[in-house]
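The structure under discussion appears below in the form of structure tokens.
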Amino acid sequence: MKKFDADYKMLDDMYKDDYFPDFLVDKIKGLIQKVIEVLETGERNLETIQNAFDKMTLAINDLQEEFEDNDSELETGARESIGETVAYILNWFDINMDVEDAIGERDW
């Protein structure tokens, strides 16, 4: 079973941008980590993997109000940073899935 790249800085652009509160970016990172944990088990079933990404994405959707309460929002910069991280994860684990499909449940 392959472990995720410990050197990869998830959501790096969001952490570097003061517009996004770190504690909220940490919440997104935690949700992404749950998908990584599924993939580290060696899971290859695309439906199971998609379900994990859907769960993650819906939970990120639920954070939008909290971002707004902290004078921030999940906008283009966040979408690109999350998408970049998801793309890296898919590539790292050699999962044949489009990023837009993986985060298809997003409303940000």
Side-chain angles (χ1 to χ4, degrees):
M1 290 176 279
K2 186 175 186 179
K3 291 290 182 192
F4 187 63
D5 181 358
D7 294 326
Y8 181 72
K9 291 182 169 55
M10 287 190 275
L11 308 170
D12 196 37
D13 290 340
M14 289 182 78
Y15 279 114
K16 288 179 179 175
D17 190 335
D18 290 339
Y19 181 66
F20 304 109
D22 283 353
F23 80 98
L24 290 174
V25 180
D26 288 343
K27 288 184 180 187
I28 294 174
K29 184 178 177 181
L31 294 167
I32 293 170
Q33 188 62 45
K34 290 180 182 181
V35 175
I36 291 170
E37 288 168 9
V38 170
L39 296 172
E40 285 180 335
T41 68
E43 182 62 62
R44 301 303 298 169
N45 181 288
L46 290 180
E47 187 175 329
T48 301
I49 294 168
Q50 184 64 61
N51 286 338
F53 275 113
D54 288 348
K55 231 174 140 174
M56 173 202 80
T57 305
L58 292 169
I60 293 171
N61 290 348
D62 291 343
L63 292 174
Q64 288 185 97
E65 190 173 314
E66 200 170 347
F67 270 86
E68 290 169 9
D69 290 346
N70 287 276
D71 300 319
S72 184
E73 65 179 302
L74 294 173
E75 41 74 271
T76 304
R79 184 170 47 250
E80 289 174 359
S81 186
I82 294 167
E84 181 181 297
T85 296
V86 169
Y88 188 89
I89 292 165
L90 291 170
N91 185 57
W92 180 263
F93 287 104
D94 197 28
I95 305 296
N96 187 17
M97 181 181 290
D98 184 74
V99 174
E100 288 302 317
D101 291 335
I103 57 174
E105 291 291 328
R106 71 179 166 83
D107 59 11
W108 27 269

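In this text, all values refer to a predicted model and were calculated from it rather than measured experimentally. We use all heavy atoms of the structure for the numbers below, so side chains are in, but hydrogens, waters and symmetry mates are not.
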Any side-chain donor-acceptor pair under 3.5 Å between Tyr19 and Asp71?
-> no
Where Leu90 and Ala102 come nearest, the two heavy atoms and their spacing = CD1-CB, 4.2 Å
Could you tell me whether the side chains of Glu47 and Asn51 share a donor-acceptor contact shorter than 3.5 Å?
-> no
Can you tell me how far NZ of Lys2 sits from CZ of Phe93, rounded to the nearest 0.5 angstrom?
-> 7.0 Å
Could you tell me whether Asp107 atom CG has more than 12 heavy atoms of other residues or ligands within 6.0 Å of it?
-> yes
Hey, could you give me the CD/NZ distance between Glu40 and Lys3, rounded to the nearest 0.5 Å?
-> 4.5 Å
Identify the two heavy atoms, one from Tyr15 and one from Lys29, that lie closest to each other, and give their separation to 0.1 Å.
-> OH-CD, 3.5 Å
Indicate yes or no: at least one non-hydrogen side-chain atom of Glu66 is less than 4.5 angstrom from one of Phe23.
-> yes
Close side-chain approach of Arg106 to Ile82, heavy-atom, < 4.5 Å | no
Donor-acceptor contact present, side-chain Gln64 to main-chain Asn61, <3.5 Å | yes
Are any side-chain N or O atoms of Gln50 and backbone N or O atoms of Phe53, one a donor and one an acceptor, separated by less than 3.5 Å?
-> no
Measuring from Leu74:CG to Glu68:CD, what's the distance to the nearest 0.5 Å?
-> 8.5 Å
Between Thr57 and Glu105, which heavy-atom pair has the shortest distance, and what is it?
-> CG2-C, 3.5 Å
Under the side chain to side chain contact (heavy atoms under 4.5 Å, CB included) rule, what do Val86 and Met56 come out as? Steps first, then yes or no, please.
-> CA-CA 11 Å; Val86 169; Met56 173 202 80; 4.2 Å; yes
Donor-acceptor contact present, side-chain Ser81 to main-chain Ala78, <3.5 Å | no
Among the clusters formed by ILVMFWY side chains lying less than 4.5 Å apart, do Ile28 and Tyr8 turn up in the same one?
-> yes
Is a donor on one side and an acceptor on the other found under 3.5 Å between the side chain of Thr85 and the backbone of Leu11?
-> yes
Determine whether Asp13 and Glu80 make a side-chain contact, defined as any pair of heavy atoms from C-beta on separated by less than 4.5 Å.
-> no
If you round to the nearest 0.5 Å, how far is CG of Asp22 from CG of Asp17?
-> 10.0 Å
Going only through I, L, V, M, F, W and Y residues with side-chain contacts under 4.5 Å, is there a path from Trp92 to Met1?
-> no
Report the relative orientation of the aromatic rings in Phe4 and Tyr88; use parallel for angles under 30°, tilted for 30 to 60°, perpendicular for over 60°.
-> perpendicular
Measure across Ile49 and Glu43 and return the closest heavy-atom pair with its distance rounded to 0.1 Å.
-> CD1-O, 3.7 Å
Value rounded to 0.5 Å, distance of CG in Asn45 from CD1 in Ile95 | 10.0 Å
Main-chain N/O of Glu100 paired with Asp98 side-chain donor or acceptor, under 3.5 Å | yes
All heavy atoms of Leu24 vs all of Asn70, minimum pair found to be CD1-ND2, 4.0 Å
Of all the heavy-atom pairs spanning Ala52 and Val38, show the shortest one and how long it is.
-> CB-CG2, 4.3 Å
Calculate, to the nearest 0.5 Å, the distance between atoms CD1 and CH2 belonging to Ile103 and Trp108 respectively.
-> 4.5 Å
When you look at CG of Asn96, are more than 12 heavy atoms from neighbouring residues, nucleotides or ligands closer to it than 6.0 Å?
-> no
